[in-house]
Amino acid sequence: MTTSFQAGGRKTVLGMIHLEPLPGTPFAADGSLGGILDRAVRSATALRDGGADGCLVQTVDRVYSVEDDADPARVAAMTRVVRAVVEATAGDGFQVGVQLMRNAVRASLAVAKVAEASFIRAGTLVGVTLTAQGLVQGNPHDVMEYRRRISAADVRVVSDADSMHFSWLGGDRPTGRVAKDAGQAGADAVCVSHPEERRVLDMVASAREWAPDLPVLLAGHTTHENAARLLAAADGAFVGTCLERGGWGGPIDPDRVRSYMEIVRGLER
């Protein structure tokens, strides 16, 4: 199933499903995978029932390798979780995405292809960024060669261009230029975020200027209060905390999803 990201078209709202540390990572709890899988499925069905267009299944393993690599147990666990989410939400055009943090892009592609997910998110497809775990360097040639090798052209790639997960090292490259670089490297969409509303609107405008045909998604910091203003400019959003009861990490509330979606769909009338 392919995604429906469109520049200037229907807004795409993707809820966040944050996973607890998976097997094969330092902070994984013994015997936790069953509970992780069950919570992921409940979150995905709550998003679907609330009218969201899809979800992004993202690892929150606390510490990460900076390489484009992932432990085999971690990849196997992620594949099992994502496949369960795909099966639970099948038949409604619900899009499921994969992100193995920090930047295991090829592993994410493999999981998405095998589990029949729709897209992946790549924190660093092009350029270099500094993170708490160290320097993360993009390798678009190897990513796109691997995508071709496993026949995953149907798995769309969303690349961070300027966000909480990626900032161009040195800070001297316009957001739009990074977006253009990502598009030329094979990304199907880019995402941006910033806590300051004016700043994120400037990021979206820059991406539009440099890469007018590339869909631009918001990668955080939207709320029910600012969604109408921010999504009037962007093509969609990854949405987390404001859909969860009790804040980040809480259960997704279908009623919060519905009210958020009513705001977004109102922009399309």
Looking at [X] and [Y], what are the two nearest heavy atoms and their distance?
X	Y	answer
V63	P26	CG2-CG, 3.7 Å
A70	A107	CB-CB, 4.0 Å
L19	I36	CD2-CG2, 4.0 Å
R121	A219	NH2-CB, 3.5 Å
P21	S32	O-OG, 4.2 Å
L22	A28	O-CB, 3.1 Å

Under a 3.5 Å distance rule, please check whether [X] uses its side chain to pair with a backbone N or O of [Y] as donor and acceptor.
X	Y	value
R147	V155	yes
S206	G176	yes
H194	D162	no
T79	V111	no
K11	L267	no
D160	H165	no
R83	A115	yes

[X] bridged to [Y] by N-O distance under 4.0 Å:
X	Y	answer
D235	R208	yes
R42	D38	no
D69	R106	no
D255	R258	yes

Side chains of [X] and [Y] in contact at under 4.5 Å (non-hydrogen atoms):
X	Y	answer
V105	Y146	no
R10	R265	yes
R156	Q95	no
Y260	L231	yes
T129	L169	no
H221	V200	no
D154	K113	yes
V157	I120	yes

Drop me the distance from [X]'s [atom1] to [Y]'s [atom2], to the nearest 0.5 angstrom.
X	Y	atom1	atom2	value
Q133	S65	CD	OG	9.5 Å
L217	T222	CG	OG1	11.5 Å
R48	I252	CZ	CD1	12.5 Å
S151	R148	OG	CZ	8.0 Å
D49	T89	CG	OG1	10.5 Å
E145	N139	CD	CG	11.0 Å

[Y] reachable from [X] in the ILVMFWY side-chain graph, under 4.5 Å edges:
X	Y	answer
M203	L230	yes
L243	M164	no
V114	V85	no
V136	M101	no
L201	V264	yes

Pair T223-T241, side-chain contact (heavy atoms from CB on, under 4.5 Å): steps then yes or no: CA-CA 8 Å; T223 66; T241 305; over 6 Å; no
Over 12 foreign heavy atoms within 6.0 Å of CZ, R229: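 More than 12 heavy atoms, drawn from other residues, nucleotides or ligands, come within 6.0 Å of this atom.
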Heavy-atom neighbours of R74 CZ exceed 12 at 6.0 Å: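 It does: R74 CZ has more than 12 such atoms within range.
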Test log, rule side-chain contact (heavy atoms from CB on, under 4.5 Å), inputs I17 and L47: CA-CA 10 Å; I17 297 178; L47 287 165; 4.2 Å; yes
Residues Y64 and T59: side-chain donor-acceptor under 3.5 angstrom: no
Candidate pair F166 and L125, rule side-chain contact (heavy atoms from CB on, under 4.5 Å), full reasoning: CA-CA 10 Å; F166 177 87; L125 180 64; over 6 Å; no
